[in-house]
Amino acid sequence: MPNNSKVYISQLKDNVGKEVTLSGWLYNSRASGKIQFLIIRDGTGLCQCIVEKGKVPDELFDQLKHLGRESSLTITGAVRQEARSVGGFELAVTGAEVVSPAADYPITPKSHGVDFLLKNRHLHFRSQRQWCIGKIRHTVIDAIRRYFNDNGYILIDTPILTSMVGEDKQSLFEVDYFGSPLHLTQTGQLHVESAAMSFGKVYCFGPTFRAEKSKTRRHLTEFWMVEPEVAFIDLDGILELAENFVSFIVAQVLQNNSSQLETLGADLQALENIKPPFYRLTYTDTVDILNGQKAKTFLAGQLQDLKSQKQQIENRITELEGQQKGQIKQWKRDKNTAELVELRSELNEVDTKIENNPKHAKLAAEFVWGKDLGGSDETIISQMHDKPIFVTHYPKAAKAFYMKTDRSNDKVVLNFDLLVPDGFGEILGGSAREDDYDLLAARIVEFGLKIEDYSWYLDLRKYGSVPHAGFGLGLERTVAWITGERHIRQCIPFPRMMDKVYI
RNA sequence: UCCCCGAUAGCUCAAUUGGUAGAGCGAGCGGCUGUUAACCGCUAGGUCGUAGGUUCGAGUCCUACUCGGGGAGCCA
């Protein structure tokens, strides 16, 4: 084989006209008598390889014809541009060598249930959707590190085993540490605060554990969180940091992963729109919106939309069912069946939304100042806006002990949540930290925590206390939001959920 | 912890409201030189989640349990 060189599928565009060898796996194949179409994947992309009878030895032609999906192989041929082919290039095959044949690969190109795919997560990695999400997750992580590293932040690794309670005592995973109890970290914030007093600008980035009994598409018991902490900054300053940071992440994904976003069906237009400044509302503003006519009108309109959607789906179902009763071609019947399955599941989803709409409207209308915002309240607020929204100044009683009390209104704290449009509600939350020794000590006592456990934390207020602030960004929720993925569990390689850990 | 929905072939789903278990995909064999979740023909594949109950008769109705999905609370 002359001029034969090993290349990756991502390099095909630079090798048009040359004979190259790819190493990969058989993703899918179609045969049509004397021609075969093999889709090969190699980790960098997909390539259709054309095998024509007569251009390869007959034994090889027959071997490839019966090769099972996900068999590994090397394949050689001339690269040519071809618009009809996935990726725009294809290989005119002259030779191939099977490295390891596979048979009965369980994941087929047809649809599968969530549970089945999770049980086969080790194989599901290989499918297009998971591959695209994995690439985007990588870009998001890279963007997070790049943003902080390029802006003078120092990475501080905070402990995973800890005695600190950062959020809620109810959601701790306890660990037996040589006979005495410790728990897995819920946040690195308290530790990273001490580092901020040394380095000025710092961040931690690692796994976080919450034993919340939450079985929803927004929850994992183990997830990744990045937490910057900055000395000498106020609430406005940290908001500005957060919107620049989130915008940078989105821009990096748009720059590096546009083809993956397209494959996933993400809303590119909406992502292009993610630029500073974001909307800023106080908690009190949002309560007014939820209680007011505007939210009522919005929800009523949404209910109308849902009902007409339902009507459309039902009409289509009736139409298809009518066709199924008559005399039609078998292939048409099959296509209809597939569409019916799809429509019925859509109908189910719309029905749930229609059922929830009045409940959410009631919750919103009857929302009283003082409670934390519920999931549905966040969804309503985020759906009413086309860009991310900061909600600031929550009631002190609903928030963590370390948040700084607003000196002009001691009922509220200087905190914020970032709600993203049409997604997972909250992806980021943060606050200015209480920097007054006496006020912080009082809050620790109020929360029923032991002051001696926090003596080191109080020291930070004793020796040169400064105004400082920080936030935490949930990695998987961010990836889910950007990719438009419905389930957060598809956005981490090996998800850990309440009552469920596969491998 | 609470509420709603579900469990039928390896996978995704049907079964005309209680009357002998079906289809597509996948697998195997054959046909087809441009397929895009290809198409066409044939073959194999089932203790209807488990345990009881009602009935002449249960995939279908009732009870309990197990497992799964969605949501609430809580949260990133």
Side-chain angles (χ1 to χ4, degrees), chain A residues 27-39 46 48 50-55 65-66 68-69 82 84-86 90 103-120 128 167-168 170-171 186-187 208-227 321 324-325 329-331 333-338 340-342 344-345 348-349 351-353 355-356 359-360 363 371-376 378 398 400 417-420 424-430 471-481 486-488 497-500:
Chain A
Y27 189 67
N28 202 2
S29 67
R30 286 177 283 273
S32 178
K34 298 191 178 66
I35 186 168
Q36 293 175 42
F37 304 90
L38 308 182
I39 311 287
L46 296 177
Q48 176 162 276
I50 314 300
V51 189
E52 288 182 65
K53 191 140 188 168
K55 304 221 169 140
K65 196 170 178 178
H66 293 103
R69 292 177 34 256
E82 172 56 70
R84 287 174 293 183
S85 208
V86 58
E90 63 181 26
D104 300 327
Y105 186 68
I107 300 176
T108 71
K110 299 282 172 174
S111 62
H112 295 283
V114 181
D115 192 50
F116 176 80
L117 290 175
L118 280 174
K119 280 177 177 150
N120 288 284
Q128 271 300 284
E167 300 289 330
D168 172 23
Q170 303 304 308
S171 61
Q186 292 177 310
T187 166
T208 300
F209 307 87
R210 306 249 170 115
E212 283 156 8
K213 302 230 185 239
S214 301
K215 248 175 50 172
T216 82
R217 62 201 174 86
R218 302 192 304 281
H219 285 87
L220 295 168
T221 53
E222 176 181 316
F223 63 96
W224 282 63
M225 185 158 71
V226 58
E227 298 173 276
E321 281 175 345
Q324 297 293 72
K325 280 178 190 148
K329 290 254 168 67
Q330 184 60 42
W331 69 266
R333 188 176 296 275
D334 298 340
K335 285 258 188 301
N336 285 351
T337 307
L340 278 169
V341 169
E342 189 79 13
R344 288 196 182 112
S345 113
N348 216 329
E349 217 164 290
D351 270 335
T352 309
K353 284 184 188 164
E355 198 181 313
N356 283 336
K359 292 183 201 165
H360 292 169
L363 280 172
K371 281 198 307 178
D372 208 343
L373 292 176
S376 64
E378 288 181 349
D417 282 346
L418 181 67
L419 311 182
V420 293
F424 280 68
E426 190 181 345
I427 63 163
L428 180 155
F471 62 79
L473 172 92
L475 176 63
E476 289 76 14
R477 283 191 182 177
T478 303
V479 173
W481 164 55
R486 242 181 85 72
H487 297 276
I488 193 174
M497 290 157 294
M498 175 193 162
D499 295 335
K500 194 182 334 186

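In this text, all values refer to a predicted model and were calculated from it rather than measured experimentally.
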Check your understanding: Less than 4.5 Å apart, any side-chain heavy atom of A/L117 and any of A/I107?
Key ->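 In contact.
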Check your understanding: Closer than 4.0 Å, any side-chain N/O of A/N120 to the OP1 or OP2 of B/C11?
Key ->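 The answer is no; no side-chain N or O of A/N120 sits under 4.0 Å from OP1 or OP2.
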**Study point:** Below 4.0 Å: OP1/OP2 of B/A37 and any side-chain N or O of A/H112
**Key:**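 Result: no.
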Do [X] and [N] have a side chain to base donor-acceptor pair shorter than 3.5 Å?
X      : N     : value
A/E90  : B/G34 : yes
A/Q48  : B/U35 : yes
A/R30  : B/C32 : no
A/H219 : B/C75 : yes

Exercise for review: Tell me what A/D417 touches on the nucleic acid: a base, only sugar-phosphate, or nothing, going by heavy atoms under 4.0 Å.
Suggested key: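 The answer is nothing, as A/D417 stays clear of every strand by at least 4.0 Å.
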Review point. Is A/I39 touching bases, backbone alone, or none of the nucleic acid, heavy atoms closer than 4.0 Å?
Key: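 A/I39: no heavy atom of the nucleic acid under 4.0 Å.
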Exercise for review: Apply side-chain contact (heavy atoms from CB on, under 4.5 Å) to A/I39 and list each qualifying residue two or more places apart in sequence or on a separate chain.
Suggested key: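 Result, side-chain contact (heavy atoms from CB on, under 4.5 Å) vs A/I39: A/Y27, A/N28, A/R30, A/L46, A/Q48, A/V86.
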Review point. With sequence neighbours left out, what residues match A/S32 under side-chain contact (heavy atoms from CB on, under 4.5 Å)?
Key: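 A/S32: side-chain contact (heavy atoms from CB on, under 4.5 Å) contacts with A/I35.
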Heavy-atom closest contact ([X] atom, [Y] atom, distance):
X      : Y      : value
A/L363 : A/S376 : CD1-OG, 3.8 Å
A/H112 : A/P106 : CE1-O, 4.0 Å
A/D417 : A/E378 : OD2-OE2, 4.4 Å

From C-beta outward on [X], which listed nucleotide comes closest to its side chain: [options]?
X      : options             : result
A/K34  : B/C32, B/G34, B/A76 : B/C32
A/R84  : B/C11, B/G34, B/C75 : B/G34
A/T108 : B/A76, B/C32, B/C25 : B/C25
A/E212 : B/G34, B/C74, B/C11 : B/C74

Same-atom distance ([atom1]) from [N] to [M], integer angstrom:
N     : M     : atom1 : value
B/G18 : B/C56 : C1'   : 12 Å
B/C11 : B/G49 : P     : 13 Å
B/U55 : B/U66 : P     : 28 Å
B/A58 : B/G53 : C1'   : 11 Å

What is the pairing partner of [N], taking Watson-Crick or G-U wobble pairs with both distances under 3.5 Å in any strand?
N     : answer
B/C61 : B/G53
B/G6  : B/C67
B/C13 : B/G22
B/A72 : B/U1
B/C48 : none
B/G41 : B/C29

Using whole Å, report how far [atom1] of [X] lies from [atom2] of [N].
X      : N     : atom1 : atom2 : value
A/L38  : B/A38 : CG    : P     : 13 Å
A/F37  : B/A37 : CZ    : P     : 13 Å
A/E82  : B/G34 : CD    : P     : 13 Å
A/K53  : B/C32 : NZ    : P     : 9 Å
A/E426 : B/A76 : CD    : P     : 5 Å

Check your understanding: Starting at the 5' end of RNA chain B, which residue's closest nucleotide do you reach first, A/L363 or A/N28?
Key ->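 Nearest nucleotide further toward 5': that of A/N28.
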**Study point:** First of A/S29 and A/R69 reached from the 5' end of RNA chain B, by closest nucleotide
**Key:**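 Upstream on the strand: A/R69.
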Atom pairs, protein N/O to nucleotides 67-71 of chain B N/O, distance under 3.5 Å:
{"unit_1": "B/G68", "atom_1": "O3'", "unit_2": "A/K500", "atom_2": "NZ", "d": "3.1"}
{"unit_1": "B/G69", "atom_1": "OP1", "unit_2": "A/K500", "atom_2": "NZ", "d": "2.1"}
{"unit_1": "B/G69", "atom_1": "OP2", "unit_2": "A/K500", "atom_2": "NZ", "d": "3.3"}
{"unit_1": "B/G70", "atom_1": "OP1", "unit_2": "A/H487", "atom_2": "ND1", "d": "3.0"}
{"unit_1": "B/G70", "atom_1": "OP1", "unit_2": "A/R489", "atom_2": "NH2", "d": "2.7"}
{"unit_1": "B/G71", "atom_1": "OP1", "unit_2": "A/R217", "atom_2": "NE", "d": "2.5"}
{"unit_1": "B/G71", "atom_1": "OP2", "unit_2": "A/R217", "atom_2": "N", "d": "3.1"}

Practice item. Answer yes if the side chains of A/T187 and A/E227 hold a donor-acceptor pair under 3.5 Å, and no otherwise. Key: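 Note: A/T187 and A/E227 side chains meet the donor-acceptor criterion.
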Review point. Using centres under 5.5 Å plus planes under 30 degrees as the test, is A/F223 stacked with B/A76?
Key: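 The ring of A/F223 is stacked on B/A76.
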